[in-house]
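These notes are about the structure you will find just below.
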Number of protein chains: 2
Amino acid sequence: MSRPTARQVAELAQVSVATVSYVLSGRDRPVAAETRQRVLDAARQLGYTPNQAARSLRKRRTQRVCLVQGSLGGNPSDERLARDLHEMADVHGYSVITLAVYSEGRARAAADVLRSGIADGALVNQTGDHFPHDLLAEIVATGLPMVVVRNESVPDGCDVVRTPETQVSTEAVEHLLAEGRTRIAFMAHRQELYRDQPTGRLLGYTTALDRHGVDQRIIVSGADDRVAAYQSATELLRSPDRPDAIFAASDRAAISVINAAKDAGLSVPGDVAVIGVGNIDEGLISNPQLSTVGPLRHDYTDVVRLLFDRLQADGPLPAREIVRPWTFLRRGSS
Amino acid sequence: MSRPTARQVAELAQVSVATVSYVLSGRDRPVAAETRQRVLDAARQLGYTPNQAARSLRKRRTQRVCLVQGSLGGNPSDERLARDLHEMADVHGYSVITLAVYSEGRARAAADVLRSGIADGALVNQTGDHFPHDLLAEIVATGLPMVVVRNESVPDGCDVVRTPETQVSTEAVEHLLAEGRTRIAFMAHRQELYRDQPTGRLLGYTTALDRHGVDQRIIVSGADDRVAAYQSATELLRSPDRPDAIFAASDRAAISVINAAKDAGLSVPGDVAVIGVGNIDEGLISNPQLSTVGPLRHDYTDVVRLLFDRLQADGPLPAREIVRPWTFLRRGSS
DNA sequence: CTGTTAGCGCATTCAG
DNA sequence: CTGAATGCGCTAACAG
C-alpha cells in the first residue's frame, strides 16, 4: 500500500530512474518521444506522484509558500489576501499551505513547522496578538524569506506591511467630536485591553480625545465577535449616562452595535453614532450604512509580490515596507 | 545562510551525527548525561531544527495532518472543527497544515499536494462543491488515511461524516406549512442551483412541499454571502406576490433576510417567517431570534478521532460513518 | 539520446 | 555507552 516510486516507474517503462525524473520534472533534457510516452504511460498506470520530501531534500527547495493566518474565522480582507496569494503562487508554480495561529501555542507550533523547512517563504498575516517578536526573529534567522503584515515592530530582514490605522482612527473620532458628540466610547478587541500602552485604533481614539481636551474615556470589550459586541453595546447603551457615539474596533462589532441600539429603541446616528474599522461590504447593507475606517479597495497583489520578489531573487534583498492606504469613510451611521 | 544540519551540531559537540539524532529525537537509546548536554548546547547555539524533508524521507511519515477547508471565510462550525483538530493533533504529536479549496482549481492543487505526501492523513471538510469524487478517489488510492465531511458519495476506503440536513430541512418547511404559510421561498447557495437533482437542504424543501401537495417553488440565489442575500431578499419581498416565508440555506443569509424584511417595512415573523441553517450563535442576537436547522452543540472531537484512529492503526481499518445529530430549532423568526 | 553515480539530511542498523 | 555505514526517493552532473 506504499506509494509507487520513480524506480518502479522506471522498471515498468524499461528505462532508468534518471529518464523518469527528466520526463516528469520536465527539464530541458531531450528525450525521445517514444520513450517519453512509455514513461508517462507507466506513471499513469501506477498512479505515480513524486515524493515531495525526497524532491525537496535534493533540490533544497519545496516550491511551497506558507500563509500564516492570525484568525480562523477570517474577515473578508484576510480572505482576499489569501486569494491573491494563491493566485500568484499558481502563476509561479508554488503550492500554498496555511498555518492557523489563534493562540500563543499555535504560534509556537507554527514557528517550529516553518523552521523545519516546510516552505520556501512565508506570509504572516495579522498575528500580532499571538506571535511574539522573538518567535518571528527565530524564523527570520533561518534565512526564510518573510513578509509580515502587522503594525508592531518586526525583526530585521523581513518585509513589512503596515496600515495607518492610528491616524485614520484619530480622524474618525475627530469627526465625531466635530459633529458635537461628547461622550464617545471605544469598543476594543480583547488584546487591546491588555497592552500597557494604547496602540493602533485605540491609540487613535485616545489621541483624538486628548487633542480636543476631552477627559472621559469609555472603553469596553466586545470587538472580537458579533455576539459579544451586541451584549457589550446593549449594556453600554442602557447606562444612565450612555454614550452618544461608539467607535468599534471592527466593522462586524459595529454592525452589532447598530443592531443593539435599534433594539434598545435608539436611533442611529440620531441618539448614537457608530463607526467601525475594516470597510467590509456588509457595511453597505446595514441600516443606516456603516461609517468605517479602512482600505478603499481590497487588493493585496502588492503585498504578495513582496514575497515572490524575495523568492525569485538570488541574494538577500533589502527589507521593504508597504503602507496601505486607509481612509475614513463617512456613511449613514455617523 | 543555509540552515544548520545535524552534522554541524555533531562537529560542534564533538560527537557523531548518530548521537545528535538520538539526543534530539529522544529515542530510548542511553546517552551519557554530559554528552547529551553538549549536544543540546550545540544545537541551541546553532539554532538547529531538524530538516523535516529528510526526516520524513527516512521515517516514511511526516507527523503532519492536513485539513482541507472548503471555504475561506469559514462559518463558526468550520472554525470549531479546525480547533478540535489542532487540539487533538497537538496531543498526538502532529502538526496541522491547511489547504484552502475554494474552487475546482484549488481542489486539483490540493489533490496534488496530498498525493505528493505532505501529510500522513487528511480531514476534508465541506468541499463538496469543488472537490469531485474522482479527485478524492485519486488520493484515497495512494493509501492516505482520510476522513471526509460531506453528504455526497465518497470513495471506498475513507471515513465519512454526514448530516441529516435533508430530513431536518423537510421538518422545518413542514413546520412553516403547519403554521399556515403558503408561499414559501428557498434561498440557495449558488452551487445548489446548478445540480441536476435537488440535494440536501433544497431537497428537504421540495420534499416538504411535495408531501403537502404544494406546487409552487420559489427558488432564489444569495445564500453564499450576506450582501447577496440581502439584495436577493429585498427583490423577492418587493414582488407583488411576495412569499410569506423564506427558508435560507445558511444562517448568515437568513439574518440578512430578516434585515431586508425589516428595512422593507415588513414584520418577522408576522409578514414573513424566516428560517436558516447552521445554528450559529449570531442567531440568538438577531431580532427576532433566528429559527434554524442545525447541530445543537458544535463539538467535532468524534470526527477528529476518526482520523487519529486511522493514523494509529497498524493495518487498514474498515470505513466508518458518523451521522451528526441535527434538529430544527424553532425560535422567534418563525 | 540515455544510463550510472553521487549525494541532499536524517534515522537506524550493526560493530565496537 | 558511542561511531561508522547504509539507504529513504529523488535530481543533477557526468559518462557513454
Side-chain angles (χ1 to χ4, degrees), chain A residues 1-40 42-43 46-64 93 112 115-118 120 142-143, chain B residues 1-40 42-43 46-64 93 112 115-118 120 142-143:
Chain A
M1 203 12 108
S2 183
R3 306 223 327 275
T5 71
R7 186 197 178 92
Q8 296 174 40
V9 176
E11 280 169 8
L12 184 59
Q14 311 263 42
V15 297
S16 73
V17 288
T19 302
V20 172
S21 172
Y22 278 112
V23 169
L24 295 175
S25 328
R27 301 286 294 188
D28 51 1
R29 162 158 152 166
V31 176
E34 194 241 356
T35 310
R36 144 172 275 110
Q37 197 53 51
R38 272 216 315 282
V39 171
L40 290 175
L46 295 176
Y48 171 72
T49 312
N51 180 324
Q52 273 297 344
R55 175 176 279 184
S56 306
L57 183 57
R58 178 61 232 234
K59 300 186 61 165
R60 321 187 87 198
R61 14 175 25 230
T62 60
Q63 293 290 358
R64 289 193 287 247
D112 288 343
R115 294 200 330 172
S116 74
I118 202 177
D120 299 334
T142 68
Chain B
M1 194 54 351
S2 183
R3 307 221 330 272
T5 71
R7 185 195 178 94
Q8 297 174 41
V9 176
E11 280 170 8
L12 184 59
Q14 312 263 43
V15 296
S16 73
V17 287
T19 303
V20 172
S21 173
Y22 277 112
V23 168
L24 295 175
S25 325
R27 301 286 292 186
D28 51 1
R29 163 160 151 168
V31 176
E34 194 239 357
T35 309
R36 144 172 276 109
Q37 196 53 51
R38 272 215 316 282
V39 171
L40 292 174
L46 295 176
Y48 171 72
T49 310
N51 179 323
Q52 273 299 340
R55 174 176 279 184
S56 304
L57 183 57
R58 177 63 231 237
K59 300 187 59 162
R60 320 184 93 206
R61 35 206 318 249
T62 60
Q63 293 291 5
R64 288 193 287 247
D112 288 344
R115 294 200 332 171
S116 72
I118 203 177
D120 299 333
T142 68

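We name chains A, B, ... by the order of the sequence lines, and we start the count at 1 in each one.
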How far apart are the C-alpha atoms of B:Leu24 and B:Leu40, what are their side-chain angles, what is the distance that settles it, and do they pass the side chain to side chain contact (heavy atoms under 4.5 Å, CB included) test? CA-CA 8 Å; B:Leu24 295 175; B:Leu40 292 174; 3.8 Å; yes
Under 4.0 Å protein heavy-atom contact, by nucleotide of nucleotides 1-8 of chain C - B base, S sugar-phosphate only: SBBB-BBB
If the condition is salt bridge (Lys or Arg N to Asp or Glu O under 4.0 Å), which residues does A:Arg55 pass it with, not counting sequence neighbours? none
Range on DNA chain D touched by chain A - first to last nucleotide, heavy-atom distance under 4.0 Å: D:dG9 to D:dC14
Salt bridge (Lys or Arg N to Asp or Glu O under 4.0 Å) against B:Arg115, all qualifying residues, sequence neighbours excluded: B:Glu138
Find the distance B:Leu24:CG to C:dT12:P and express it as a whole number of Å. 13 Å
Taken in chain and number order and not counting sequence neighbours, the residues that satisfy salt bridge (Lys or Arg N to Asp or Glu O under 4.0 Å) with B:Arg58 are none
Show the nearest heavy-atom pair for residues B:Ala54 and A:Leu57, with the distance to one decimal. CB-CD1, 3.7 Å
Work out how much the helix from C:dC1-D:dG16 to C:dG16-D:dC1 bends between its end axes, five pairs an end, to the nearest 10 degrees. 50°
Please classify the nucleic acid contact of B:Ser56 as base, sugar-phosphate, or nothing, using heavy-atom distances under 4.0 Å. nothing
Results of side-chain contact (heavy atoms from CB on, under 4.5 Å) for A:Gln14 - residues two or more places apart only: A:Arg38
Work out which heavy atom in A:Pro4 is nearest to a heavy atom in A:Leu46; give both atom names and the distance. CG-O, 3.4 Å
A:Ser25: which residues meet the side-chain hydrogen bond (donor to acceptor under 3.5 Å, both in side chains) condition with it, sequence neighbours left out? none
Partners meeting side-chain hydrogen bond (donor to acceptor under 3.5 Å, both in side chains) with A:Thr62 (sequence neighbours left out): A:Asp120
Under the salt bridge (Lys or Arg N to Asp or Glu O under 4.0 Å) test, which residues partner B:Arg7, sequence neighbours left out? B:Glu11
